[in-house]
Protein chains: 2
Amino acid sequence: MAASKTDSFNRPEAPAGEMMEDQRQGWRDVRDVIRDWVLTGRYAAGDRLPRDVDIAAELNCARSTVLRAMQDLSDAGMVERRRKGGTRVRPDPIVRATLDIPITRREVEAKGGRYGYQLVKREVVAAPRAILAATNVADPRDMLHVEAIHLSDGQPYIFEDRWICLETAPEILGIDLSRKSANEWLVLNKPYSRFDVRLYAIMADAGMADLMAVAEGAALLVIERTTWIDEAPITTVRSVTRPGYQLATQS
Amino acid sequence: MAASKTDSFNRPEAPAGEMMEDQRQGWRDVRDVIRDWVLTGRYAAGDRLPRDVDIAAELNCARSTVLRAMQDLSDAGMVERRRKGGTRVRPDPIVRATLDIPITRREVEAKGGRYGYQLVKREVVAAPRAILAATNVADPRDMLHVEAIHLSDGQPYIFEDRWICLETAPEILGIDLSRKSANEWLVLNKPYSRFDVRLYAIMADAGMADLMAVAEGAALLVIERTTWIDEAPITTVRSVTRPGYQLATQS
DNA sequence: GAGTGGTCTAGACCACTGA
DNA sequence: CAGTGGTCTAGACCACTCT
């Protein structure tokens, strides 16, 4: 292992009185020290860590620096912080991953494929109960239902089954969805304040097998996403990916 | 407009019920203002935003506050920041989701199920090429191969196919894996500095169908994860979930 | 009520990196 | 080289929430 510059460490294990600790500069180093306290068991799951100000004193830095380090650890899911309650090591360890989902056209082009798009269905109908549930809508209502296929080099890449809330995005009715996908229009014209994503696997039924040009029964990864603007649902979309599709995240 | 206190409150989405009030302070408000600049097209994809100090002057706050807001937008993938290069609206819109993957035992218990665990296989063998590739290891070597099933109320929940690098985690050989899963031991004893996750769908083959008590050909979501400590691989695991399993993320 | 984290400020200096 | 974001500091005050 090549020793990077952040490697040389001496653990602030037993500070003797008021002698000055070595000051590594940078909140990342402070973060690493605190992380090591947790990983080496000095503080176990559920334990309370010292106050920021005390850590700052021990590590000889400003409280803001400890705060910055703690924010990082909090974002990573390692600790939980509460006013007055202090900072605690998260009781149940988790893996927190970040996942980027690009626009399909961009994704295809980035992989060097020729992007194609095909509208399959466009209708205004009463939304099924499952869609109402996904969007947290109580009363039955009409929505715009759009089915489309994204192609890479002429081959089906992602099948998109989308429902758009007409109360929130009525302008969509005037858009020609046979050329440009609803996704792209929505991204550019309908900002959202909240969304959620669900991932699961399905077997291709006869209809899906035909649309995606795969064998019936093929296992397909589905990315389901719903977006809202201030509690008003905008759209919910079920993206069925082609066989072998892989969603990678790194951190 | 004379630069005064009650300036720069241009949120198109803001309800107009209240009379104009003093600008609320807080980096979240600053963030929302900048976000609206982007969403309303004042700055398009790829455009360069003003310098932090200028935004601070316009919004009448400290530069640190703008910085905090920008960090949030940068984390969310909306803008990209570079020293000297300034802040630019990210050219290709993406959806960035955060995904929490708990320890399986915790997950089962949180859902109210009775957790069970069963060791299927434990062997030290030469790692296949696919595993070497996943861990970025060049030379062939022996690894500990562990197969196990996590149960919920006696039913198969997740099948775990794991390879553990003996150079990095030799202590695992002394652990009794017939009672406690390798996952739990690793989480508590082998901190990692980096990991990646891959998600995809598979069809259950005959062997998998038998292990998971599902029909052959069932579509199963797979969560594949590899962890390293400073470039040294620790473990790579393929977690095959039961039918209907869903991974949800929200933000 | 009081303790703790969260935020803001103002300024200084550093570290990248584009022109 | 010079412009821009990144970080640190020291202090003040606020907001939450635990006891």
Side-chain angles (χ1 to χ4, degrees), chain A residues 4-6 12 20-35 37-38 43 46-91, chain B residues 3-9 21-35 37-38 43 46-91:
Chain A
S4 64
K5 58 185 304 183
T6 57
M20 201 162 26
E21 288 297 335
D22 71 329
Q23 57 174 0
R24 334 154 198 289
Q25 304 157 2
W27 61 267
R28 291 163 201 280
D29 294 314
V30 172
R31 174 199 62 188
D32 291 343
V33 170
I34 300 171
R35 173 190 283 155
W37 289 350
V38 174
Y43 298 97
D47 284 0
R48 180 170 176 174
L49 292 165
R51 298 145 57 208
D52 288 7
V53 61
D54 290 336
I55 295 179
E58 181 171 351
L59 299 184
N60 193 27
C61 65
R63 183 165 78 96
S64 326
T65 306
V66 176
L67 183 79
R68 183 71 182 82
M70 285 297 196
Q71 280 173 345
D72 197 62
L73 293 173
S74 181
D75 286 344
M78 173 169 269
V79 301
E80 287 174 338
R81 286 161 70 75
R82 269 187 238 173
R83 286 163 155 134
K84 166 77 178 177
T87 305
R88 289 179 182 278
V89 180
R90 193 183 175 108
Chain B
S4 184
K5 291 188 175 180
T6 62
D7 60 352
S8 67
F9 188 77
E21 51 186 344
D22 301 7
Q23 172 177 357
R24 286 176 299 172
Q25 302 187 350
W27 63 266
R28 292 163 199 279
D29 293 313
V30 172
R31 175 199 61 187
D32 290 344
V33 170
I34 299 171
R35 172 189 284 157
W37 288 351
V38 174
Y43 298 97
D47 283 359
R48 181 170 175 173
L49 292 166
R51 298 145 57 209
D52 287 7
V53 60
D54 289 336
I55 295 179
E58 182 171 351
L59 299 185
N60 193 26
C61 66
R63 182 166 79 95
S64 326
T65 306
V66 176
L67 183 78
R68 183 70 183 83
M70 285 297 197
Q71 280 174 344
D72 197 62
L73 293 172
S74 182
D75 286 344
M78 173 170 268
V79 302
E80 286 174 339
R81 286 162 70 76
R82 263 186 260 174
R83 285 162 160 149
K84 169 74 176 179
T87 305
R88 286 177 183 280
V89 180
R90 193 183 173 109

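Letters A, B, ... are given to chains in the order of the sequence lines, protein chains preceding strands, and every chain is numbered from 1.
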Distance in angstrom units between B:Glu80 CD and C:dG18 P, rounded: 12 Å
Side-chain (A:Arg88) to main-chain (A:Gly46) donor-acceptor, under 3.5 angstrom: yes
Closest non-hydrogen atom pair between A:Arg48 and A:Lys84, with its separation: NH2-O, 3.8 Å
Presence of A:Thr65 side-chain N/O under 4.0 Å of D:dT7 phosphate oxygens OP1/OP2: no
Nucleotide C:dG18, atom P - distance to CZ of B:Arg48 in whole Å: 10 Å
Phosphate-side-chain proximity, B:Gln71 and D:dT7, N/O vs OP1/OP2 below 4.0 Å: yes
Rounded interatomic separation in angstrom, taking CG from B:Leu67 and P from C:dA12: 18 Å
A:Arg81 vs C:dG6: side-chain N/O to OP1/OP2 distance below 4.0 Å: yes
Base D:dG6 paired with B:Arg63 side chain (donor-acceptor, <3.5 Å): yes
Pairs involving residues 60-74 of chain A, ordered by first then second residue, that meet salt bridge (Lys or Arg N to Asp or Glu O under 4.0 Å) (sequence neighbours left out): A:Arg31-A:Asp72
Pairs under 3.5 Å (N/O, protein and nucleotides 16-19 of chain D):
from	atom 1	to	atom 2	distance (Å)
D:dT17	O4'	A:Arg83	O	3.4
D:dC18	OP1	A:Arg82	NH1	3.2

Phosphate-side-chain proximity, A:Arg28 and D:dT7, N/O vs OP1/OP2 below 4.0 Å: yes
Worked check of side-chain contact (heavy atoms from CB on, under 4.5 Å) between B:Leu67 and B:Arg81: CA-CA 10 Å; B:Leu67 183 78; B:Arg81 286 162 70 76; 3.3 Å; yes
Shortest non-hydrogen separation from A:Trp27 to A:Ala69 and the atoms involved: O-CB, 3.6 Å
Any B:Ser64 side-chain nitrogen or oxygen under 4.0 Å from OP1 or OP2 of C:dT7: no
Test side-chain contact (heavy atoms from CB on, under 4.5 Å) applied to B:Thr87 and B:Tyr43, step by step: CA-CA 11 Å; B:Thr87 305; B:Tyr43 298 97; over 6 Å; no
Closest to side chain of B:Trp27, choosing from C:dG6, C:dC8, C:dT4: C:dC8
Rounded distance in Å - CZ (A:Arg51) to C1' (C:dT4): 8 Å
Most 5' of A:Cys61 and B:Met70 on DNA chain D, judged by nearest nucleotide: B:Met70
Phosphate OP1/OP2 of D:dG6 contacted by A:Arg68 side-chain N/O (<4.0 Å): no
Minimum heavy-atom distance A:Cys61-A:Val30, with the two atoms named: SG-CG2, 4.2 Å
Separation of C:dC8 C1' from B:Asn60 CG (nearest whole Å): 12 Å
